[in-house]
Amino acid sequence: MYAVISPEEIKLPAGSVVKLPGTWQEYQTLCLSRGDGSIPRIKYRSGEVLLMSPLPKHGRDASLIADIIKVLLDWTGREYDSFTPVTMGLPEQSAIEPDYCFYINHWQAVSGKERIDWRKDPPPDLVLEIDVTSYSDILDYLPYRVPEVWLFRQQQLLIYQLQGDEYQVKSQSQYFPEVNLADVVARCLEIAYQRNTSAAIRDLKYQLAVF
C-alpha cells in the first residue's frame with residue numbers, strides 16, 4: 001500500500017510515519033480530509049505536520065495501560081474524567097493527539113464540557129502516550145504544561161513530570177506514589193499477551209485487594 005496525502009484523501013500503511021513541512025492552515029486541511037475518524041494521527045509543531053498510522057499493538061497497549069490507570073484511580077478513591085480520542089490544540093503553535101487524557105485534580109474544571117479551550121482551561125493532569133513508531137516526543141506537551149506524561153516505549157514505562165520549563169524522568173507517579181508502576185505494567189502486559197487484557201485487569205484488581 002502506498003501513502004497518499006492530499007486535501008481530498010489520506011491513506012497510510014499501518015506503522016508508517018510521515019513528516020512534512022506545513023502551516024497551521026495546511027494542518028487543519030489535513031484534519032478535515034481525515035474526517036470524523038482518528039486514523040491517521042496528525043500533529044502540528046514548529047512549521048511541520050506529522051502523520052502516523054498506528055499498528056494494532058499501539059491500540060492494545062494504550063487500552064491496557066489506560067485501564068490500569070483507571071483501576072488505580074478507583075483503588076485510591078479518586079474521581080476523574082478521561083478522554084480518548086482527543087485533540088489538544090493551540091492555534092498557529094501546536095496540535096497533538098494523545099492516546100489518553102486524565103483529569104484527576106482538575107476534573108471539575110472540565111466536567112460536562114463538550115469542548116475544552118486549551119488556551120484557558122487547565123491541561124489534563126495525566127497524559128498517556130504509546131510510542132511504537134518513534135512518533136511521540138515528550139516536548140510536544142510542554143506548550144500545554146501537562147503535569148505528568150506516561151510514555152510507553154520499547155516495553156518500558158517512562159514517567160515524565162513537569163519541573164519548571166522541562167520534563168524530568170521520575171521513578172514514581174505523583175498520583176500513585178505507593179505503587180511500583182514498572183512492575184504493575186510489566187505484569188499486566190505479560191498476562192495480556194499470554195492470555196488477554198481482561199485477565200490482566202482482573203489480576204491487577206486482585207493484587208490491589210490484597211495489597
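- In this structure, the side-chain hydrogen bond (donor to acceptor under 3.5 Å, both in side chains) partners of Glu166, at least two apart in sequence or on a different chain, are Gln168.
- Take Ala200 and apply the side-chain contact (heavy atoms from CB on, under 4.5 Å) test, not counting sequence neighbours, and it matches Leu64, Cys188, Ile191, Ala192.
- At distances below 3.5 Å, not a single donor-acceptor pair connects side-chain atoms of His106 with backbone N or O atoms of Pro124.
- For Gln108, there are no side-chain hydrogen bond (donor to acceptor under 3.5 Å, both in side chains) partners at least two apart in sequence or on another chain.
- For Leu208, the side-chain contact (heavy atoms from CB on, under 4.5 Å) test picks out Val71, Leu72, Trp75, Leu204, with sequence neighbours left out.
- In plain terms, the two heavy atoms of Leu30 and Ile10 that are nearest each other are O-CD1, 3.4 Å.
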Pair Arg60, Tyr193 - check side-chain contact (heavy atoms from CB on, under 4.5 Å), show working. CA-CA 10 Å; Arg60 187 180 192 183; Tyr193 277 87; 3.6 Å; yes

What verdict does the side-chain contact (heavy atoms from CB on, under 4.5 Å) test give for Phe152 and Leu189, after you've listed the backbone C-alpha separation in whole Å, the side-chain angles of each residue and the deciding distance to 0.1 Å? CA-CA 12 Å; Phe152 188 66; Leu189 283 167; 3.2 Å; yes

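- Considering only heavy atoms from C-beta on, Asp121 comes within 4.5 Å of Lys113 through its side chain.
- Side-chain contact check for Tyr44 versus Ser94: every heavy-atom pair is 4.5 Å or farther apart.
- For the pair Ala14 and Pro54, the tightest heavy-atom approach, listed with the atom from each and the gap, is CB-O, 4.1 Å.
- Judged as a side-chain contact (heavy atoms from CB on, under 4.5 Å), and not counting sequence neighbours, the contacts of Asp74 are Tyr80.
- Between Ser53 and Ile39, the shortest heavy-atom distance links the atoms OG-CG2, 4.1 Å.
- For residues 202-211, the pairs satisfying side chain to side chain donor-acceptor pair (under 3.5 Å) are Arg187-Asp203, with sequence neighbours left out.
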Side chains of residues 174-183: which donor-acceptor partners sit under 3.5 Å, not counting sequence neighbours?
residue	atom	partner	partner atom	Å
Gln174	NE2	Glu148	OE1	3.3
Tyr175	OH	Asp125	O	2.9
Asn180	OD1	Ala182	N	3.4
Asn180	OD1	Asp183	N	3.1
Asn180	ND2	Asp183	OD2	3.2

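- Every residue two or more places apart in sequence or in another chain that forms a side-chain contact (heavy atoms from CB on, under 4.5 Å) with Thr87 is listed here: Tyr27, Glu97.
- Here Thr84 pairs with nothing under the side-chain hydrogen bond (donor to acceptor under 3.5 Å, both in side chains) rule; sequence neighbours left out.
- For the salt bridge (charged side-chain N to carboxylate O under 4.0 Å, His left out) test, residues two or more places apart in sequence or in another chain that qualify with Asp131 are Arg153.
- When every heavy atom of Gln161 is checked against every heavy atom of Gln172, the shortest pair comes out as NE2-O, 3.1 Å.
- In the hydrophobic clustering, where aliphatic and aromatic side chains (Ile, Leu, Val, Met, Phe, Trp, Tyr) are joined below 4.5 Å either directly or transitively, Val110 groups with Phe83, Val86, Met88, Leu90, Ile96, Tyr103, Trp107, Ile116, Trp118, Val127, Ile138, Leu139, Tyr141, Leu142, Tyr144, Val146, Val149, Leu151, Leu158, Tyr160, Leu162, Tyr167, Val169.
- Ion pairing between Arg41 and Asp99 holds under the 4.0 Å rule for side-chain N and carboxylate O.
- The distance from the OG atom of Ser82 to the CD1 atom of Ile69 is 9.5 Å, given to the nearest 0.5 Å.
- At least one side-chain heavy atom of Arg34 sits less than 4.5 Å from a side-chain heavy atom of Pro40.
- Contacts of Arg45 classified as side-chain hydrogen bond (donor to acceptor under 3.5 Å, both in side chains), with partners at least two apart in sequence or in another chain: Glu48, Asp140.
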